[in-house]
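See below for the structure under consideration.
Reminder, nothing fancy here: chain letters follow the sequence lines and each chain counts from 1. Predicted model only: the values in this text are computed from it and were never measured.
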There are 2 protein chains.
Amino acid sequence: MEKKLTIRDIAELSGVAKSTVSRYLNGGCVREETGRKIKKVIEAYHYEPNVFARLSAKNSRIIGLIVPGFDSIVTPGLVEVIVAYLKRYDYTPLIMHTGNDLAEEIKSIERLTGMNVDGIMVLASSVTKSHEAAVEKANIPVLFLGQRYCQGTSVINDDYHAGLELGRYLGAKGASHVAGLWVSEQDLAVGRERKRGVQDGLKEFGIEEMEILETSFFYQDAVKTAESLFAREVWPDTVVCATDRIAEGVYKVLYQKKARIPEDVSVTGFGDYETSELLRPPLTTIRLDLENWGEISAEIMLQMVQGKPVSKLQINSFALIERDSVAKRR
Amino acid sequence: MEKKLTIRDIAELSGVAKSTVSRYLNGGCVREETGRKIKKVIEAYHYEPNVFARLSAKNSRIIGLIVPGFDSIVTPGLVEVIVAYLKRYDYTPLIMHTGNDLAEEIKSIERLTGMNVDGIMVLASSVTKSHEAAVEKANIPVLFLGQRYCQGTSVINDDYHAGLELGRYLGAKGASHVAGLWVSEQDLAVGRERKRGVQDGLKEFGIEEMEILETSFFYQDAVKTAESLFAREVWPDTVVCATDRIAEGVYKVLYQKKARIPEDVSVTGFGDYETSELLRPPLTTIRLDLENWGEISAEIMLQMVQGKPVSKLQINSFALIERDSVAKRR
DNA sequence: ATTCGAAATGGAACCGGTTCCAAATAAGCG
DNA sequence: CGCTTATTTGGAACCGGTTCCATTTCGAAT
């Protein structure tokens with residue numbers, strides 16, 4: 001029932017000025033004895049400073065984290081890692097959710113800059129000119145995850161080469177009629193680079209054409225797209241999916257059609273969700289090292305915040321995980 | 001590059017006092033003409049007020065949302081729904097992440113109360129006395145999700161009856177040697193009520209004993225626990241899992257052992273993840289209506305914030321989803 | 001035109017912190 | 001022990017908003 005304590009209360013209770021308490025909290029000059037006194041009061045009363053009242057502070061020790069949504073496995077996993085890292089270094093993460101809406105993404109950047117957070121990490125779905133403008137205005141370090149940001153710093157997956165490896169693998173397996181369930185090209189990393197990699201890999205084996213069906217990151221959309229694909233007379237022998245989630249949609253439809261994977265159709269994913277090995281047959285996919293990705297990103301963010309120099313582009317590693325969803329053909 | 005605009009700038013640019021701008025923004029008394037003038041300036045300069053500077057405001061239109069982690073499917077899904085709802089009513093959700101740590105949970109409550117958010121929603125893993133103390137001190141509406149909070153308001157799943165229905169179902173199917181992979185009793189809703197329901201349901205069919213193996217919400221832990229279970233000589237004929245995620249762990253181990261589900265072992269889950277129908281065989285489980293749960297919760301939260309009366313306890317509905325992971329025995 | 005109450009406005013104080021600066025205290029040194 | 005310098009400290013101003021209250025303006029009624 002007692003009112004929330006403010007720094008003034010603590011100051012009075014320990015018989016010093018509030019500036020002294022503030023200094024104590026932020027590691028400034030305070031005599032050891034004074035510090036002890038303040039510490040005792042703070043602990044006795046469980047005082048917690050109001051993080052958002054640091055209006056005029058140089059640094060708030062808050063890092064904004066803008067995410068599209070929590071519907072995939074990648075986002076929550078990555079957030080998990082990043083949050084843990086930031087906390088370890090005593091930064092408070094502030095998660096903003098855009099619901100896969102580009103305009104919201106921009107707005108979130110603006111909003112966060114207005115809150116004088118120390119830095120912003122954007123798990124962007126694409127990097128538009130509005131993004132760049134918002135970042136310009138922001139005047140604080142902004143780190144893009146997953147999408148390359150030429151004007152600044154980003155930590156991305158090596159989507160092109162991952163795609164390339166997958167394309168080559170499929171080519172070597174003798175795929176011939178390949179369809180891709182993909183997301184919009186607006187998403188440069190996943191929608192474009194990843195796809196281009198696959199196409200180039202296939203080309204090396206003489207497969208010039210990969211039919212693309214556009215879908216979204218959502219499971220239900222993937223199911224619908226897959227349904228339309230397999231409603232046709234002739235089926236592809238291989239379906240490449242932009243993400244594991246989309247591959248799950250394909251699995252569902254193929255189960256319904258009583259088609260056999262991979263005998264009738266080979267399927268591949270991207271991401272290696274925890275459950276992808278549980279699919280029957282286990283899904284062949286590209287593993288993105290979330291742990292590594294998150295750690296690197298958070299580390300770079302903190303370095304940027306502390307004004308240290310960082311390399312403009314960090315690339316997260318990947319690995320092809322071969323399971324049983326692709327058949328040797330011909 | 002231009003500096004961030006403040007309310008003072010807007011006031012000067014439109015030739016009024018900043019109190020007037022503030023009033024305009026918050027729907028107070030302003031002449032139509034004045035309003036138009038201010039509006040023009042705000043739009044011309046893309047002014048966005050600093051949400052966190054409302055230190056002395058009655059209400060910040062911010063709702064704190066405390067979640068344990070994003071590793072399950074339930075949490076991200078629920079957050080998704082809640083966030084969408086809150087935004088629709090022009091509230092800003094502030095997501096705090098506790099990493100399944102009870103102490104962090106308390107701290108988050110305290111921290112959020114210090115930020116004068118309008119209300120807090122806690123997706124709690126349990127309700128301890130520390131929680132109650134923190135809520136007491138908070139002095140703002142706090143809504144618990146998933147765990148019953150006797151001193152206040154909560155929206156929970158009907159874990160007992162859901163468990164009961166599942167237990168009866170298994171009893172009717174002729175289960176006899178039942179093992180449960182469960183989470184700690186600290187979690188009253190899942191760890192206790194849900195389990196008790198299953199046990200009571202089984203008892204109606206004369207099955208007095210259900211062996212419990214304690215595990216956690218994490219996939220990897222579930223795998224380990226399942227491994228230890230199936231390393232034994234004699235196997236249960238039915239494994240009941242506290243969540244679908246845990247069931248996935250069981251599937252993995254049974255796949256490795258080349259055991260047949262449900263012929264050798266029946267398996268059930270709880271939650272009905274999107275992918276649960278993709279498991280082979282598709283998982284029989286209890287569906288929790290996330291959509292409904294989230295909507296109800298957000299709605300109640302807003303009503304609490306607006307000082308309207310709400311019923312202390314709301315119960316989310318469930319449904320038994322019968323698929324193919326349980327065999328008829330005897 | 002005058003009066004009066006309601007609506008609109010500006011100014012000042014405040015929210016809970018941080019930071020700057022000057023004053024007070026402690027420490028170092030000859 | 002006195003003087004200089006470095007370290008601590010308190011006080012005031014500030015951050016970007018909101019709110020209270022007194023004052024001005026408006027509009028309608030007399």
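- B:Glu33 places its CD atom 10 Å from the P atom of D:dG27, with the value rounded to the nearest Å.
- Contact between the side-chain N/O atoms of B:Tyr47 and the OP1/OP2 oxygens of D:dG17 is found at a separation under 4.0 Å.
- End-to-end axis angle for the helix from C:dA1-D:dT30 to C:dG30-D:dC1, using five pairs per end and rounding to 10°, comes out at 30°.
- B:Ile7 has its CD1 atom 15 Å from the C1' atom of C:dC15, to the nearest Å.
- A salt bridge links A:Glu295 with A:Arg88: the distance from a Lys NZ or Arg NE/NH1/NH2 to an Asp or Glu carboxylate oxygen falls below 4.0 Å.
- Rounded to whole Å, the distance from CG on A:Asp118 to C1' on C:dT18 is 13 Å.
- Applying the ring pair (Phe, Tyr, Trp, His ring centres under 6.0 Å) criterion to A:Phe218, with sequence neighbours excluded, gives no partner residue.
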Check the interface with nucleotides 6-13 of chain D: list each N/O to N/O pair with the protein under 3.5 Å, or write none.
{"residue": "D:dT9", "atom": "OP1", "partner": "A:Arg31", "partner atom": "NE", "Å": "3.4"}
{"residue": "D:dT9", "atom": "OP1", "partner": "A:Arg31", "partner atom": "NH2", "Å": "3.4"}
{"residue": "D:dT9", "atom": "OP1", "partner": "A:Thr34", "partner atom": "OG1", "Å": "2.3"}
{"residue": "D:dT9", "atom": "OP2", "partner": "A:Arg31", "partner atom": "N", "Å": "2.9"}
{"residue": "D:dG10", "atom": "OP2", "partner": "A:Ala17", "partner atom": "N", "Å": "2.9"}
{"residue": "D:dG10", "atom": "OP2", "partner": "A:Thr20", "partner atom": "OG1", "Å": "2.8"}
{"residue": "D:dG10", "atom": "N7", "partner": "A:Ser19", "partner atom": "OG", "Å": "3.2"}
{"residue": "D:dG10", "atom": "N7", "partner": "A:Arg23", "partner atom": "NH2", "Å": "3.3"}
{"residue": "D:dG10", "atom": "O6", "partner": "A:Arg23", "partner atom": "NH2", "Å": "3.3"}
{"residue": "D:dG11", "atom": "O6", "partner": "A:Ser19", "partner atom": "OG", "Å": "3.2"}

Step-by-step side-chain contact (heavy atoms from CB on, under 4.5 Å) determination, B:Ser126 to B:Leu188: CA-CA 6 Å; B:Ser126 83; B:Leu188 254 47; 5.6 Å; no
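- For the residue pair B:Asn100 and B:Glu105, no side-chain donor N or O sits within less than 3.5 Å of a side-chain acceptor on the partner.
- Protein atom CD of B:Glu12 is 11 Å distant from nucleotide atom P of C:dG11, rounded to whole Å.
- For the pair B:Lys18 and B:Glu12, the salt-bridge criterion is not met [side-chain N within less than 4.0 Å of a carboxylate O].
- If you measure from atom CG of A:Leu25 to atom C1' of C:dT18, you get 11 Å, rounded to the nearest angstrom.
- The side chain to side chain donor-acceptor pair (under 3.5 Å) search around B:Arg192 returns B:Glu185, not counting sequence neighbours.
- For B:Lys37, there are no side chain to side chain donor-acceptor pair (under 3.5 Å) partners, not counting sequence neighbours.
- B:Ser22 comes within 4.0 angstrom of a base, heavy atoms only.
- Taking B:Tyr45 as the reference, nothing meets the ring pair (Phe, Tyr, Trp, His ring centres under 6.0 Å) condition, with sequence neighbours excluded.
- In this structure, A:Phe144 and A:Tyr149 have tilted ring planes: the angle between them lies in the 30° to 60° band.
- Between A:Tyr24 atom OH and C:dG17 atom C1' there is a gap of 17 Å when expressed in whole angstrom units.
- At whole-Å resolution of the value, CG in A:Leu5 and C1' in C:dG16 are 12 Å apart.
- Following rounding to the nearest Å, B:Ile42 (CD1) and D:dG17 (P) show an atom-to-atom distance of 10 Å.
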